[in-house]
K.L.:
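This is the structure I want to talk about, given as structure tokens.
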Amino acid sequence: MAAPTSQRTEDWWRDAVIYQVYPRSFADGDGDGTGDLAGVRARLPYLAELGVDAVWFTPWYVSPLVDGGYDVADYRTIDPAFGTLGEAEKLIAEAREMGIRTIVDIVPNHVSDQHAWFRAALEAGPGSAERERFHFRPGRGADGELPPNDWPSQFSGRTWTRVPDGEWYLHLFTPEQPDLNWAHPEVRREHEEILRFWFERGVAGVRIDSAALLAKDPALADFVEGVDPHPYIDQDELHDIYRSWRAVADEYGGVFVGEVWLPDAERFARYLRPDELHTAFNFNFLSCPWDAGRLRRTIDDTLAEHAPVGAPATWVLCNHDVTRTVTRYGREDTGFDFATKAFGTPSDPALGLRRARAAALLTLALPGSVYVYQGEELGLPEADVPRASIQDPMHFRSGGTDPGRDGCRVPLPWSADAPYCGFGSETEPWLPQPEGWARYAADRQAADPGSMLSLYREALRLRRTAEGFGDGPLDWLPAPDVVLAFRRPGGLVCVVNLGAGPAELPAHRSLLLASGPLDGDGRLPADTAVWLRG
Ligand code: GLC
């Protein structure tokens, strides 16, 4: 057996496969309709069998859950709906024993309006020290009836809300998520303490939510289209913040992955300098349509932008904020764009699944680390959530035009024949599972060698044990424009056919894995990928 990838060394994160758990929807251990830590602990053997190196948990802290937990009221306690801190500690230790590291999600840009600091700020009133931890301002207009500036919210609508004493406070997301003032030393100190708190509990890494939004133009000037720098995205002050975070992480051997939505490659790479974040999500790849030329360009740009800073790339097709891959790739417009997501956009599930299978092999063969969002390994499509059941604030703030993100957050199907597909609930889960969900159940797929789950298990097994995966060079091979073909170390070759007709395979010694059957002439059909040993 060849040397496994670097999962057991301190560089494990350079080529790890990281599985994203959205705790509310992963597995329900106490039957109340909401996923929880007991559910995750019971399913750790499934994650070990799948073969992932780490699990990233979206926020599990005390929260009113206005934005799915990204509105944190207390960063040092687990929400009672999910369990207790003691259970989280057990979960971290049990996972580690199975070779799975834990990554927690820290939300530094904003807190919940129920957080002690914000409640104190409301109570203390204008001019108080408590208000300085946030962005409170008088309004504009004769009676201060207009918001202090015109910044648009990340979730449509206003970024300012007025409180009864007349002041306004800033929130880039919902009014229940007031933004912290990162120019305030206590805000910085508190977050470094929070990092220490979780590293001391054995977590291996931290995902940083909205990592490019923390620092604000001190003048809070109006937003002028096309004028740089943007008043709240990618401010230079952020790099100083992340340098001090890095020093904390280094004390514990912890690693960071930043949620950095920045299309500018050079600006993006600045966050990945050796004394800042270890990695950041590659949203350009996630947003790329199913098109060979555009994917190749994105892959090349990604590798080129990471190389000078020595950081590994990350590859991600899906997460809790975006349309599930199977549905997106089954649409006419396969690119991702928040703004074009609409109710009832048609999608061909069979086509989408074929492409998602091919995309999985493509992604897992690229140099760097890979993220798998829960249910991606089951080939789940985006679920249609009835309007009356929608919970996502993005939907409500769009005036009901955007379906929001609930369709990718529906509770997982574990067992085809159990109530609620074995999610574990004794009552209707917090989001309803659509009809036909049982067909995706993990138990059914585990028994089917042709299933998406079987493909993922085999791909991850090969990635762990065979030569050529993870960190290292990538060389493109000659191929038609609609085909991606590249070589990795040790003669590993990945070929993906994005054209309409079959494609010839390069000469090879053996076929390691295919996302679908070859045709009768040994050619690679449309929307199919293979791993070969050349
Ligand atoms: C990030 C999260 C998203 C959340 C937002 C506000 O983009 O991934 O789910 O709504 O930040 O915290």
Side-chain angles (χ1 to χ4, degrees), residues 18 20-26 35 56-73 75 79 103-115 118 134 151-159 170-180 182 191 194 206-214 216 232-234 238 256-263 268 271 277 279-283 286-287 314 316-324 336-339 341 371 373-374 376 382 385 390-398 402-410 430-431:
I18 298 158
Q20 179 189 352
V21 167
Y22 193 76
R24 228 176 161 185
S25 302
F26 184 70
W56 148 37
F57 292 94
T58 57
W60 54 14
Y61 320 105
V62 171
S63 164
L65 294 175
V66 169
D67 182 19
Y70 285 95
D71 46 320
V72 181
Y75 293 79
D79 195 284
I103 295 176
V104 292
D105 203 326
I106 295 292
V107 188
N109 180 67
H110 44 267
V111 297
S112 160
D113 62 351
Q114 299 306 308
H115 188 282
F118 192 71
F134 299 90
W151 293 357
S153 165
Q154 298 285 308
F155 283 172
S156 41
R158 273 189 172 164
T159 50
L170 176 72
H171 51 85
L172 294 186
F173 294 90
T174 70
E176 293 83 2
Q177 294 164 293
D179 278 47
L180 288 167
W182 272 86
H191 278 81
I194 293 168
V206 170
R207 180 241 186 210
I208 308 170
D209 186 65
S210 303
L213 305 182
L214 278 48
K216 314 290 187 301
Y232 66 78
I233 300 177
D234 188 32
L238 285 170
F256 292 121
V257 54
E259 189 202 15
V260 182
W261 288 88
L262 276 188
F268 177 86
Y271 291 84
L277 308 183
T279 57
F281 292 117
N282 179 359
F283 291 117
L286 180 151
S287 311
T314 67
V316 42
L317 292 171
C318 193
N319 66 33
H320 65 294
D321 290 330
V322 306
T323 307
R324 281 200 179 267
F336 164 75
D337 185 343
F338 274 120
K341 231 170 37 162
Y371 283 80
Y373 174 47
Q374 66 179 39
E376 204 175 342
E382 187 84 356
V385 176
I390 292 182
Q391 313 247 349
D392 185 13
M394 214 168 172
H395 167 72
F396 301 109
R397 288 179 61 90
S398 75
D402 188 318
R405 301 162 295 178
D406 290 334
C408 64
R409 299 174 175 181
V410 169
W430 73 281
L431 281 177

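As the structure is a computational prediction, the values presented were derived from the model and not from experiment. Ligands are counted one by one from 1 in listed order, and the atoms in each one are counted from 1 as well. Along the sequence shown, residues carry numbers from 1.
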K.L.:
For atom 5 (C) of ligand 1, what's the nearest protein heavy-atom neighbour? Residue, atom name and distance, please.
P.N.:
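Nearest neighbour among protein heavy atoms for atom 5 (C) of ligand 1, to 0.1 Å: F173 CE2, 3.7 Å.
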
K.L.:
Which ligand 1 atoms, with their elements, are less than 4.0 angstrom from a heavy-atom of R409?
P.N.:
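Per the distance check, 9 (O).
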
K.L.:
Using a heavy-atom cut-off of under 4.0 Å, does the side chain or the backbone of E259 touch ligand 1, or both, or neither?
P.N.:
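For E259, only side-chain atoms sit under 4.0 Å from ligand 1.
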
K.L.:
Is the contact between H110 and ligand 1 made by the side chain, the backbone, both, or neither, using heavy atoms and a 4.0 Å cut-off?
P.N.:
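Under 4.0 Å from ligand 1, H110 contributes side-chain atoms alone.
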
K.L.:
Rounded at 0.5 Å granularity, tell me how far OH in Y373 sits from CD in Q20.
P.N.:
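CD of Q20 is found 6.0 Å from OH of Y373.
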
K.L.:
Give the atom numbers and elements of ligand 1 that come within less than 4.0 Å of a heavy atom of F155.
P.N.:
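So the answer, numbered in order with elements, is 10 (O).
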
K.L.:
Checking a contact table here: which protein heavy atom is nearest atom 2 (C) of ligand 1, and how many Å away?
P.N.:
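Ranked first by proximity to atom 2 (C) of ligand 1 is D209 OD1, 3.1 Å.
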
K.L.:
Among D321, V107, D67, I208, which residue places a heavy atom closest to atom 3 (C) of ligand 1?
P.N.:
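It is D321 that holds the nearest heavy atom.
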
K.L.:
Mark up the atoms of ligand 1 that fall under 4.0 Å of a heavy atom belonging to R405, in ascending order.
P.N.:
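Per the distance check, 3 (C), 4 (C), 9 (O), 10 (O).
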
K.L.:
Can you name the atoms of ligand 1, numbered from 1 with element, that are less than 4.0 Å from a heavy atom of S210?
P.N.:
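Ligand 1 atoms under the 4.0 Å threshold to S210: 1 (C), 11 (O).
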
K.L.:
Do you know which of F268, W261, Y371 makes ring-ring contact (aromatic ring centres under 6.0 Å, His included) with F283?
P.N.:
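Of F268, W261, Y371, ring-ring contact (aromatic ring centres under 6.0 Å, His included) with F283 is met by W261 alone.
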
K.L.:
Is the distance between the ring centroids of H320 and Y70 under 6.0 Å?
P.N.:
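H320 vs Y70: aromatic centres under 6.0 Å.
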
K.L.:
I'd like to know if the side chain of D392 reaches the main chain of D406, judged simply by a donor and an acceptor atom lying under 3.5 Å from each other, with no hydrogens or angles considered.
P.N.:
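No; judged by distance alone, with no hydrogens or angles, the pair does not exist.
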
K.L.:
Which of the numbered atoms in ligand 1 are under 4.0 angstrom from any heavy atom belonging to H320?
P.N.:
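With H320 as reference, the close atoms of ligand 1 come out as 2 (C), 3 (C), 8 (O), 9 (O).
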
K.L.:
If we count only N and O atoms by modelled type, under 3.5 Å, do the side chains of T58 and D105 hold a donor and an acceptor together?
P.N.:
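There is no such pair (donor and acceptor under 3.5 Å, judged by atom type) between the side chains of T58 and D105.
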
K.L.:
Check whether the side chains of T174 and E176 place a donor and an acceptor atom closer than 3.5 Å, and report yes or no.
P.N.:
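Present: a donor and an acceptor within the cut-off.
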
K.L.:
Give the ring-plane orientation class for Y75 versus H191, where under 30° counts as parallel, over 60° as perpendicular and anything between as tilted.
P.N.:
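Judged by the thresholds at 30° and 60°, the geometry between Y75 and H191 is perpendicular.
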
